[in-house]
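Quick notes on the structure that follows.
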Amino acid sequence: MACALSGPILGIETSCDETAVALVRQKVGGKLEVLGSKISSQIEDHRPFGGVVPEIAARQHLRWLSEMTGDLLGEVGLAKEDLGGIASTSGPGLASSLLIGLNFGKGLALALGKPWCGINHLEGHLLSPFLDGALPPEEPHLGLIISGGHTLLIEVERPGRYRRLGGTRDDAVGEAFDKVAKMLGLPYPGGPQVERWAAKGRTDRFTFPRGLARSGDFDFSFSGLKTAVRLQVEKLEQPLSDGDRADICAGFQSAVIEVLVQKTLAAAEQRGLATITVSGGVSANQTLSRVIMERAKAAGRVCWVADRRWSTDNAVMIAGAALWGGWPGGGTEWERDVDPNLRVAGQGQV
Ligand code: KG4
Ligand code: ZN
């Protein structure tokens, strides 16, 4: 879907603990060209607290956003006046963090006389597997979003037309990775740490529960798995040996992968969708992406996992969703406010 804007758009992402800006242009035919992208991670600021501290996150966004935008425009060789429009994440996320990117974007757009829009962060993730241009986003498909805050299976008719098929009933999958890492004394964010330890461990020593594997729907549950891991850790000799830690990570990761893959393939089959996409921070997990691609291929389906550059939070995906999905007319939406609980599509709604 083409968006009627006269120049590249500035995407702004501040929903959680990454400050990100990107300049993206739509080429003739709909493909996107990423002119530049910057991400400032706050991981070191939050690490001493074992998770994201909203107050610190908001202050860091405020500290960096304006400077990063100026630097990006300079590096790409564009003036503010060359922008076609500005898109900020409006939700879901931390209210105080969202407010910074949303108001900065609106303010800049107002000063420049350019259109502004608010973009759903989940729509950004959902369409991110298309950013490398291998596949047109108009392709009907099944999207699995796996991030720190969400676990969702979405049927995509085309950008902007979504149906929620299922989601987590408790913890998001990234949250489960982070909590298991914490139990094992591994630093925040836990996903990459668990993946690293799992690579050294045995998957057959501990068999953890596959939540809702036989529920007959497309919902997920990771809280039982998290509790099973905690109980198992408590039974082991403390402090944990490296071997025990690696085996726990391998057992946990394979339980997560199994249930994600099984439900995703079942949903693709039931809905008759030949293409599957996987996005969100957890899709950076190489074992998961390898297994889901292999199993999808064996089931006669094509699976696209978001490029690692665009799997964790970034602003390219926000600009991409603006150009493809959430901002088709390219008009201004001054009235749109932050919505920390924004959903991509209601239950059963397209
Ligand atoms: O998409 P994202 O950057 O932020 C949200 O929108 O939530 O996802 C962050 C989540 C964190 O929970 C992090 O631990 C997880 O993605 N993550 C991973 C990996 N890299 C990041 N989980 C498993 N394996 C990874 N390699
Ligand atoms: Zn995200």
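All figures in this text were calculated on a predicted structure; none of them were measured in a lab. Throughout, residue positions are numbered sequentially from 1 according to the sequence presented. Counting starts at 1 for both ligands and their atoms, following the listed order. Keep in mind that the numbers below use all heavy atoms, side chains included, and drop hydrogens, waters and symmetry copies.
The nearest non-hydrogen atom to atom 21 (C) of ligand 1, considering only A176, G281, G191, A306, comes from G281.
Where the criterion is an N or O separation shorter than 3.5 Å, residue side chain and backbone included, G149 meets it with respect to ligand 1. The distance criterion of under 3.5 Å between nitrogen or oxygen atoms is met by G148 with respect to ligand 1. Considering backbone and side-chain N/O of E195, one or more are found under 3.5 Å from N/O of ligand 1. By the 3.5 Å distance cut-off applied to N or O atoms, E18 is not counted among the residues near ligand 1.
Within the structure, ligand 1 lacks Q286 among the residues with a heavy atom less than 4.0 angstrom away. Contact analysis puts P192 in contact with ligand 1, with a non-hydrogen atom separation below 4.0 angstrom. Using a non-hydrogen distance threshold of 4.0 Å, H125 registers as a contact of ligand 1.
Considering every non-hydrogen atom in both H125 and I145, the closest pair reads CB-CG2, 4.0 Å. Between K80 and K114, the closest heavy-atom pair is O-CE, 4.4 Å.
Close contacts between ligand 1 and G174 involve ligand atoms 12 (O) [criterion: under 4.0 Å to a heavy atom]. Residue contact check: H121 has heavy atoms under 4.0 Å from atoms 6 (O) of ligand 1. Which parts of ligand 1 touch T312 is read off a 4.0 Å heavy-atom cut-off, strictly below it: atoms 3 (O).
Side-chain atoms of E123 and Y162 include a donor-acceptor pair closer than 3.5 Å. A donor-acceptor contact under 3.5 angstrom links the side chains of S215 and K263, judged on distance only. A side-chain N or O of N285 and one of Q253 form a donor-acceptor pair less than 3.5 Å apart. Side-chain contact check for D170 and S221: at least one donor-acceptor pair (N or O, by modelled atom type) lies under 3.5 Å. A donor-acceptor pair shorter than 3.5 Å can be found between the side chains of S15 and E13. When only modelled atom types and interatomic distance are considered, W116 and S88 share a side-chain donor-acceptor pair under 3.5 Å.
Ranking the protein heavy atoms by distance from atom 24 (N) of ligand 1 puts N285 ND2, 3.1 Å first. Nearest protein heavy-atom contact of atom 3 (O) of ligand 1 is D313 N, 3.0 Å.
In this structure, K200 satisfies the cation-pi test against W197, with its NZ or CZ atom closer than 6.0 Å to the six-membered ring centre and inside 45 degrees of the ring normal.
Hydrophobic cluster membership is shared by L142 and L144, with clusters built from Ile, Leu, Val, Met, Phe, Trp and Tyr side chains linked at under 4.5 angstrom.
For D313, the N, O or S atom with the smallest separation from the Zn ion (ligand 2) is OD1.
Contact annotation for D178 and ligand 1: only side-chain heavy atoms (C-beta onward) come within less than 4.0 Å of the ligand.
For the ring-ring contact (aromatic ring centres under 6.0 Å, His included) with F252, the lone residue among F177, F222, F208 that qualifies is F177.
Counting backbone and side-chain atoms alike, H125 contributes an N/O/S atom closer than 2.8 Å to the Zn ion (ligand 2). For the Zn ion (ligand 2), the N/O/S atoms of H150 include none lying under 2.8 Å.
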